[in-house]
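Okay, structure first, notes after.
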Amino acid sequence: MKLVLASKNEKKLAEMNDILSHLGIEVCSEADAGVDIEVEETGTTFEENSLLKAKAVMEASGLPAIADDSGLCVDCLNGAPGVWSARYGGEGLDDTARYRLLLENMRGQMTRAARFVSVITCCFPNGDVLSARGECPGTIAYAPMGEGGFGYDPVFFVPELKKTFAQMTADEKNAISHRGKALEAFKEKLEEYLK
Ligand code: IMP
């Protein structure tokens with residue numbers, strides 16, 4: 001079976017193929033499916049936004065489509081940046097400016113609990129919808145550490161491993177990450193659905 005990934009992110013495409021190829025599933029890009037659309041993420045939850053993206057690409061391609069929506073939720077900021085993680089501080093900022101803004105907004109905060117969340121949704125042309133959620137708890141460091149990864153990785157510290165996401169190898173991160181967990185949960189649901 002072929003699924004179209006509702007994203008322009010090559011890293012996500014490789015990650016999804018790694019995990020889902022074992023089920024005989026091929027995940028292809030929007031470009032491979034001849035789709036070129038911008039979906040506005042107008043939802044207020046990860047569930048709503050991943051559904052919006054998957055549904056739009058399924059309708060445009062006529063094929064089953066899969067989307068993930070993810071972000072960082074910080075307790076002392078009432079869950080911010082949350083679904084606005086990619087746009088925190090406005091469109092003009094890059095990843096470094098965004099995590100610096102986060103550190104600035106948490107200055108003096110001793111309670112630094114946070115979690116990454118990922119919701120994966122798959123929409124089928126017959127109207128069926130499968131969805132799975134994964135979370136990774138951690139804390140926000142006082143300063144960035146590590147060179148790997150992307151986004152907020154340098155400031156997201158995982159106490160069990162005593163490392164930030166940016167200090168982990170891709171395998172270490174995938175084994176515990178929100179997206180890794182959501183993909184594993186999604187894989188189980190898809191396996192059940194295809195039986
Ligand atoms: P999305 O691709 O629209 O779901 O936006 C997700 C945003 O959340 C990204 O742009 C990052 O800022 C942040 N994010 C999600 N997952 C991660 C991660 O694994 N590491 C670092 N930042 C992440």
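These numbers were taken from a predicted model, which means no experiment stands behind them. For the single chain, residues carry numbers from 1 onward in sequence order. Counting starts at 1 for both ligands and their atoms, following the listed order.
- Between F46 and V83 there is a side-chain heavy-atom pair separated by less than 4.5 Å.
- At a 4.0 Å heavy-atom cut-off, ligand 1 touches H178 through the side chain alone.
- Taking the charged nitrogens against the carboxylate oxygens, E104 and R107 do have a contact shorter than 4.0 Å, which makes a salt bridge.
- Shown in contact with E41 at under 4.0 Å from a heavy atom are these atoms of ligand 1, numbered in order with element: 3 (O).
- Set against the non-hydrogen atoms of K53, the atoms of ligand 1 under 4.0 Å away are 3 (O), 4 (O).
- Of the protein's heavy atoms, A86 CB, 3.4 Å lies nearest to atom 10 (O) of ligand 1.
- Classified by interplanar angle (parallel below 30°, tilted 30° to 60°, perpendicular above 60°), the ring pair H178/F165 is parallel.
- Remark: K195 engages E192 in a salt bridge, criterion side-chain N to carboxylate O under 4.0 Å.
- At a threshold of 4.5 Å between non-hydrogen side-chain atoms, the residues F124 and L130 count as touching.
- With contacts defined as side-chain heavy-atom distances shorter than 4.5 Å, the pair M58/P125 qualifies.
- With a 4.0 Å cut-off on non-hydrogen atoms, K12 touches ligand 1 through its side chain and not its backbone.
- Given atom 15 (C) of ligand 1, the protein heavy atom at minimum distance is S70 OG, 3.2 Å.
- Remark: distances from the non-hydrogen atoms of R179 to ligand 1 include one below 4.0 Å.
- For atom 19 (O) of ligand 1, the nearest protein heavy atom (residue, atom name, distance) is K173 NZ, 2.8 Å.
- Close contacts of ligand 1 with F150, meaning ligand atoms under 4.0 Å from a residue heavy atom, involve 16 (N), 17 (C), 18 (C), 19 (O), 20 (N), 21 (C), 22 (N), 23 (C).
- At the shortest separation from atom 23 (C) of ligand 1 among protein heavy atoms lies F116 CE2, 3.4 Å.
- Around atom 21 (C) of ligand 1, the closest heavy atom drawn from V39, D153, D95 belongs to D153.
- At the shortest separation from atom 12 (O) of ligand 1 among protein heavy atoms lies Y152 CE1, 3.2 Å.
- At least one heavy atom of G71 sits closer than 4.0 Å to an atom of ligand 1.
- By the 4.0 Å N-to-carboxylate-O rule, K181 lies too far from E135 to be salt-bridged with it.
- Within the 4.5 Å cutoff, no side-chain heavy atoms of D18 are placed close to those of L183.
- Ligand 1 has no atom lying under 4.0 Å from any heavy atom of L72.
- With a 4.0 Å cut-off on non-hydrogen atoms, K8 does not touch ligand 1 at all.
- Inter-residue side-chain proximity for I19 and N174 is flagged as unmet; no heavy-atom pair is nearer than 4.5 Å.
- Residues S29 and D32 bring a donor and an acceptor atom of their side chains to less than 3.5 Å of each other.
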